[in-house]
Amino acid sequence: MKNENHTYCTMVIFGATGDLAKRKLFPSIYNLYKKGYLDEKFAVIGTARRGWSTEVFRENVEKALHDSKIEVEANVEDFLAHFDYIPMDVTTKESYQELSKLISSLEGEFHIPGNRMFYLAMAPQFFGTIASFLKSEGLTNGDGWNRLIIEKPFGHDLPSAKKLNAEIRQAFEEDEIYRIDHYLGKEMVQNIEVIRFANAMFEPLWNNRYISNIQITSSESLGVEERGGYYDKSGALRDMVQNHILQMVALLAMEPPIKLSTDEIRSEKIRALRALRPMAIDEVDEYFVRGQYGPGQIENQEVPGYRSEENINPESNTETFVAGKVLIDNFRWAGVPFYIRTGKRMAEKSTKIVIQFKDIPMNLYYKSEDEMHPNLLIIHIQPDQGISIVMNGKKLDNSKETTPVKLDYCNNCVDQQNTPEAYEKLLHDAINGDATNFTHWDEVALSWQFVDTIYQAWAEKKATDFPNYDSGTMGPKAADDLLNQDGFKWWPIADDGDYSI
Ligand SMILES: NC(=O)C1=CN([C@@H]2O[C@H](COP(=O)(O)OP(=O)(O)OC[C@H]3O[C@@H](n4cnc5c(N)ncnc54)[C@H](OP(=O)(O)O)[C@@H]3O)[C@@H](O)[C@H]2O)C=CC1
Ligand SMILES: O=C1O[C@H](COP(=O)(O)O)[C@@H](O)[C@H](O)[C@H]1O
């Protein structure tokens with residue numbers, strides 16, 4: 001009988017010599033081990049083309065742990081004893097037989113009941129091939145569960161995503177596929193549902209009667225770094241908006257699920273994404289703005305423009321910044337804009353969500369001719385994690401004027417501990433068979449459908465004003481105009497930001 005639920009498993013990491021494995025996966029697996037989540041009945045097999053021995057692999061895993069600056073304890077050797085390496089080219093059918101033998105032998109050695117997790121930390125063109133060989137060569141015929149963890153990008157548009165999905169679905173069922181969106185592993189992204197559904201002071205107000213607009217900013221101060229080859233073909237829209245940003249929109253907009261099960265939560269997110277207002281190609285400019293960074297200053301250092309970065313076409317038309325107004329056509333959200341923006345080489349690294357509430361019907365205080373300061377709920381995703389509420393209080397004098405008062409809750413300050421890295425939480429979920437924080441195919445498809453129109457509009461029309469924002473700024477002026485024309489403004493993303501109007 002298949003052992004469906006047990007967490008003892010063999011993890012096979014394809015692309016184990018690569019950047020993601022080194023920076024994210026090995027430290028996360030080690031943290032899970034240290035916290036006792038892996039017991040002793042687990043094995044990790046690394047594979048890639050380079051001809052490393054298991055010994056060299058273990059040395060590299062240990063180095064990765066030290067480089068990641070997590071605390072490495074004296075018994076790291078016990079942990080490393082669970083790691084093996086096998087060189088293989090994933091496009092060669094025969095090598096899967098060797099891998100299969102190694103898995104069986106480690107299942108015997110570590111008393112693992114046939115549960116197998118295949119992590120594809122490789123370029124996406126290999127995803128379909130690997131999935132298909134895993135099935136045809138019998139690696140999915142173990143006695144336990146099979147789970148396929150897939151990295152982004154899941155396709156580059158809807159047709160390519162459909163093709164990829166069809167390939168992997170030949171070998172794995174939907175409930176065996178765990179599509180990673182690492183934002184769903186972030187503590188405060190997971191907190192969105194709790195803030196909404198566990199607080200009487202928010203849920204009754206969470207609709208178009210009380211909320212005037214929602215702003216999501218995910219800014220980065222880094223440029224494209226070494227990923228120019230990938231990024232120049234992708235751009236900010238497909239790199240960040242299709243996945244991370246729309247996932248946050250879905251979590252903010254979804255209806256309360258009837259219970260907190262994977263299926264119920266996912267189906268509410270899917271319904272929210274289905275309500276995204278589609279645009280015609282010639283309407284895109286009304287709702288979306290694109291940008292590309294030029295040279296500028298970040299932390300007082302001169303940095304080059306995008307077109308001068310390594311592996312970037314010097315005439316590139318790729319956007320490194322996107323701002324947009326997303327509308328959700330349902331009873332709850334009709335008329336409430338969700339403004340989004342994301343970009344590289346912006347003023348600072350920050351992901352924040354600001355929920356701006358509508359004004360009260362009449363201003364008794366302040367200066368009656370002025371608008372009162374709106375109430376804001378700010379969800380700090382990173383680097384700081386927490387919640388702020390901006391409300392009106394009385395000025396400390398004898399006047400009847402009000403002043404914005406900011407109440408802050410800092411998640412990691414209170415717990416006095418580092419919250420686990422997103423990958424650690426997601427790996428833990430995958431080992432436990434909890435797919436809630438992974439994206440269902442329908443979510444992926446709906447997000448691509450929305451984003452494809454924008455991409456097509458931009459592909460048809462070259463941006464004549466690129467570069468249109470200096471590195472170290474908050475993007476092009478058109479991104480500010482997008483809100484100004486609706487009578488709003490972007491709220492600051494800096495923690496010491498000025499929230500007065
Ligand atoms: N790095 C990151 O921070 C992030 C990465 N991702 C995604 O994760 C995936 C991996 O990214 P990343 O680690 O950066 O990529 P890398 O280029 O660093 O690693 C690619 C890996 O694939 C192996 N490889 C390449 N060709 C073959 C082959 N034919 N057979 C077997 N192994 C092969 C390489 O090893 P060798 O040369 O030895 O064969 C290497 O281990 C990508 O899908 C990426 O989009 C997603 C988010 C963040
Ligand atoms: O998926 C991606 O995310 C990172 C940003 O992630 P964060 O956790 O640091 O906010 C981004 O730099 C990268 O381009 C993109 O592929």
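The first residue in the sequence is number 1, and the count goes up from there. Start at 1 and go down the list; that is how both ligands and their atoms are numbered.
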Using a strict cut-off of 4.0 Å, indicate which atoms of ligand 2 neighbour a heavy atom of Lys152. 1 (O), 2 (C), 15 (C), 16 (O)
Does the side chain of Arg341 come under 3.5 Å of the side chain of Thr217 through a donor N or O and an acceptor N or O? yes
Hey, are Ser218 and Tyr183 close enough side-chain-wise for a donor-acceptor pair under 3.5 Å? yes
What residue and atom, counting heavy atoms only, is the protein's closest point to atom 1 (O) of ligand 2, and at what distance? His244 NE2, 2.7 Å
Specify the protein heavy atom at minimum distance from atom 10 (O) of ligand 2: its residue, its atom name, and the distance to 0.1 Å. Tyr183 OH, 2.5 Å
Distance to 0.1 Å, residue and atom name: give those for the protein heavy atom nearest to atom 29 (N) of ligand 1. Asp89 OD1, 3.0 Å
Please verify the inter-ring angle class for Trp490 with Tyr339; under 30° counts as parallel, over 60° as perpendicular, anything in between as tilted. perpendicular
Would you mind running through ligand 1 and noting each atom that sits below 4.0 Å from a heavy atom of Pro153? 45 (O)
Just heavy atoms, cut-off under 4.0 Å: does Lys152 contact ligand 1 by side chain, backbone, both, or neither? both
Search all heavy atoms of Ala435 against all heavy atoms of Thr262 and return the closest pair with its distance. C-CG2, 3.7 Å
Give the atoms of ligand 1, by number and element, whose distance to some non-hydrogen atom of Met88 is under 4.0 Å. 30 (N), 31 (C)
Should the proximity of Phe126 to ligand 1, defined as any heavy atom under 4.0 Å, be assigned to the side chain, the backbone, both, or neither? side chain
Part of Glu151 within contact of ligand 1 (heavy atoms, under 4.0 Å): side chain
Of all the atoms in ligand 2, which lie at a distance below 4.0 Å from a heavy atom belonging to Lys186? 7 (P), 8 (O)
In ligand 2, the atoms that come under 4.0 Å of a heavy atom of Gln382 are 7 (P), 8 (O), 10 (O)
Tyr85 side chain to Ala48 main-chain N or O, any donor-acceptor pair under 3.5 Å? yes
Protein heavy-atom partner closest to atom 11 (C) of ligand 2 - residue, atom, separation in Å: Glu220 OE2, 3.5 Å
Taking the six-membered ring for Trp, are Phe57 and Phe26 closer than 6.0 Å centroid to centroid? yes
Close-contact set for ligand 1 against Ala121 heavy atoms, below 4.0 Å: 9 (C), 10 (C)
Is there a donor-acceptor contact under 3.5 Å from the side chain of Tyr96 to the main chain of Val90? yes
Residue, atom and distance of the protein heavy atom nearest atom 16 (O) of ligand 2 read Asp239 OD1, 2.6 Å
Output yes when the distance from some N or O of ligand 2 to some N or O of Ser218 is under 3.5 Å, and no in every other case. no
Do Tyr33 and Phe42 have their ring centres less than 6.0 Å from each other? yes
Within the side chain of Asp239, is there an N or O that forms a donor-acceptor pair under 3.5 Å with the backbone of Tyr231? no
Heavy atom of protein inside 4.0 Å of atom 36 (P) of ligand 1, strictly below: yes
Nearest-contact summary for atom 38 (O) of ligand 1 - protein heavy atom, Å: Arg50 NE, 2.7 Å
Please say whether Val90 places an N or O atom under 3.5 Å from an N or O atom belonging to ligand 1. yes
Flag the pair Arg169 and Glu173 as a salt bridge only when some basic side-chain nitrogen lies within less than 4.0 angstrom of an acidic carboxylate oxygen. yes
Indicate whether any N or O donor in one side chain lies under 3.5 Å from an N or O acceptor in the other, for Tyr230 and Asn311. no
Give the residue, atom name and distance (to 0.1 Å) of the protein heavy atom nearest atom 18 (O) of ligand 1. Asp19 N, 2.9 Å
Check whether any side-chain N or O of Lys352 sits under 3.5 Å from a backbone N or O of Ile493 as a donor-acceptor pair, and report yes or no. yes
Distance-only polar pair, side chains of Tyr119 and Glu151, donor-acceptor under 3.5 Å: yes
Please list the nearest protein heavy atom to atom 6 (O) of ligand 2 with its residue and the distance rounded to 0.1 Å. His182 NE2, 3.1 Å
Less than 3.5 Å apart, any donor N or O on the side chain of Thr318 or Asp232 sitting next to an acceptor on the other? yes
Return the closest protein heavy atom for atom 12 (P) of ligand 1 as residue, atom name and distance. Leu20 N, 3.9 Å
Basic-acidic side-chain contact under 4.0 Å: Glu193, Arg196: no
Ligand 2 to Lys344, heavy atom cutoff 4.0 Å, flagged ligand atoms 11 (C), 12 (O), 13 (C), 14 (O)
Using distance alone, with no hydrogens and no angle criterion, decide if Asn165 and Arg179 have a side-chain donor and acceptor under 3.5 Å apart. yes
Here the atoms of ligand 1 under 4.0 Å from any heavy atom belonging to Thr17 are 34 (C), 35 (O), 36 (P), 38 (O), 40 (C), 41 (O)
For atom 21 (C) of ligand 1, what's the nearest protein heavy-atom neighbour? Residue, atom name and distance, please. Gly15 CA, 3.6 Å
Closest non-hydrogen protein atom to atom 9 (C) of ligand 1, residue and atom name please, with distance? Met122 O, 3.5 Å
Quick test: of every protein heavy atom, which one is nearest to atom 9 (O) of ligand 2, and how far off is it to 0.1 Å? Lys349 NZ, 2.7 Å
For atom 19 (O) of ligand 1, which protein heavy atom lies nearest, and how many Å away is it? Gly18 CA, 3.4 Å
Return the closest protein heavy atom for atom 28 (C) of ligand 1 as residue, atom name and distance. Arg49 CD, 3.5 Å
So that I know where these two stand, are Tyr469 and Phe321 an aromatic pair - ring centroids less than 6.0 Å apart? yes
Those atoms of ligand 1 less than 4.0 Å from some heavy atom in Arg23: 1 (N), 2 (C), 3 (O)
Does Thr351 have a non-hydrogen atom less than 4.0 Å from ligand 2? no
